[in-house]
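Everything on this sheet refers to the single structure shown next.
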Amino acid sequence: MALKVCKFGGTSMADGNVMNRVKRIIESDDDRRLVVVSAPGKRYSDDIKVTDTLYKCHSELESTGSCGQTFSVIRRRFTGIVKELGIDLDIEYVLNETERRINEEKSVDFTASRGEYLCARVMAKLLDAKFIDAEEVIFFNENGTLDGEKSYAAICKAVEGELRCVIPGFYGCGADGKVKTFSRGGSDISGSVAARAVNASLYENWTDVSGFYVCDPRIVSTPKVIKSLSYKELRELSYMGASVLHSESIFPVRKANIPILIKNTFRPEDDGTLIQPSVYYKPSGRVITGIAGKKDFTVIFIEKSLMNSEIGFIRKVLSVLERYNIPIEHIPSGIDTMSLVIESSRLKNGVLENILQGIKEAVEPDVMRVTEDIALIATVGHGMSSSIGTSARLFKAMKEANINVKMIDQGSSELNIIVGVKNDECEKCINAIYREFFR
Ligand code: ASP
């Protein structure tokens, strides 16, 4: 029998009513046998996500020695859900245990992970499924990365012979044996790990939108939904800020060529977006797949005569950044010039000044200039490699919108064109590119 892993995000877990809806979705397909859940999210726009309340619990614990006051919010939320669902779960006992452990462990990761833990306990009861604690099946290496092989083996073993199982997302067991979380939104990664472990036929990611939009609907009104895209396109788009799926969640499934289907819990009849292995990609005549933008980059421009013939020049520059542990996003270059594009948040508290001094000492540039408040916009699509004039259309659209191009970077993979513009022109630029290719 085929096996699908379905991960449900926070809004799909927001209250008892939605959880019942999720139960119907799961039970409508016998292949949906492994379920991964996030912590309950917002019920209305200014509601607070359970995970955010848990981070507050930790702050309270740090300042007063106990999380009790804030934990009462969690308590109310889960007792309400269990009451609404009418399930036979001694939630008072589970909550008491959870509060006790939070106070005892005093760990931010442990505290933050309890939303997923409690939610999975509830869902397992609702679905009459086996609850598998992520602490026992998802493992991290010493350096904080996922220990894939160990996790896959443990998940396989835990699900063996079971009809249906529920695993909490977002956390696992660190190398020190203590609960450790992924970064925010990390339940998407847990779902992907589970799908890879059981070699699922499909990884369904249920959220509150009907798929991946061509660009951010907060920037362009009612953009088109992307019907299908490749892992590579998704990686580019989500890295650049398209936020439906955690950008790291494709890695486990990608290795096993497992497709991901984004679905809307509130409109299950919509097709959603299918993310396929790049090998299955069929050119569809589409030039551009999506557009995404990210603000707040800093560009360090370096000029030195005969830079191109000076052996080791780039290495010397990069070693300065390595010394300060700063990742570089792009390095556009000319014959005697190079630029380093870096996330501005990495350069705070004197780091930028130290780097500039380090570069000065390492390579004695003729000119060095810093431009801040730069937004990067990625226009992504396999289709552009086989269609002449894509960049011409893109730059024409920018010119017509009167947008100054500060930087251009196009990899030879021809999968994307990245332009740098001023932060405050980011939205205008995305709109202009969207109009050119989609309207
Ligand atoms: N609950 C966690 C968060 O809010 C993880 C997740 O939802 O995926 O980030």
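No hydrogens, no waters, no symmetry mates; every other heavy atom, side chains included, goes into these values. Both counts, for ligands and for their atoms, begin at 1 and track the order of listing.
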inquiry  = List ligand 1 atoms under 4.0 Å from Glu116, heavy atoms only on the residue side.
reply    = 1 (N), 2 (C), 5 (C), 6 (C), 7 (O)
key: Nearest-0.5 Å distance, CG of residue Leu261 to CG of residue Asn205   = 9.0 Å
key: Those atoms of ligand 1 less than 4.0 Å from some heavy atom in Arg184   = 3 (C), 4 (O), 9 (O)
His246 and ligand 1 - part of the residue with a heavy-atom distance under 4.0 Å = neither
request  = Kindly say whether the aromatic ring centers of Tyr213 and Tyr434 come within a distance under 6.0 Å.
outcome  = no
inquiry  = Is there a side-chain contact between Lys7 and Asp188 in this structure, where contact means two heavy atoms from C-beta onward sitting under 4.5 Å apart?
reply    = yes
inquiry  = Quick one, Phe140 with Phe182, criterion ring pair (Phe, Tyr, Trp, His ring centres under 6.0 Å). Give me CA distance, side-chain angles, the key distance, then yes/no.
reply    = CA-CA 9 Å; Phe140 293 92; Phe182 290 104; 4.9 Å; yes
request  = Look at Asp147 together with Lys150 and state whether they make a salt bridge at an N to O cut-off of under 4.0 Å.
outcome  = no
request  = Would you mind checking which non-hydrogen protein atom is closest to atom 7 (O) of ligand 1, with the distance to 0.1 Å?
outcome  = Ser38 OG, 3.2 Å
request  = May I ask whether Gly186 places a heavy atom under 4.0 Å from ligand 1?
outcome  = yes
query = What is the nearest protein non-hydrogen atom to atom 6 (C) of ligand 1, stated with its residue, atom name and distance?
reply = Ser187 OG, 3.3 Å
task = Working to the nearest 0.5 Å, report the span between OG of Ser249 and CD1 of Ile189.
result = 6.5 Å
inquiry  = Heavy-atom contact check, 4.0 Å cutoff: does Gly185 meet ligand 1?
reply    = yes
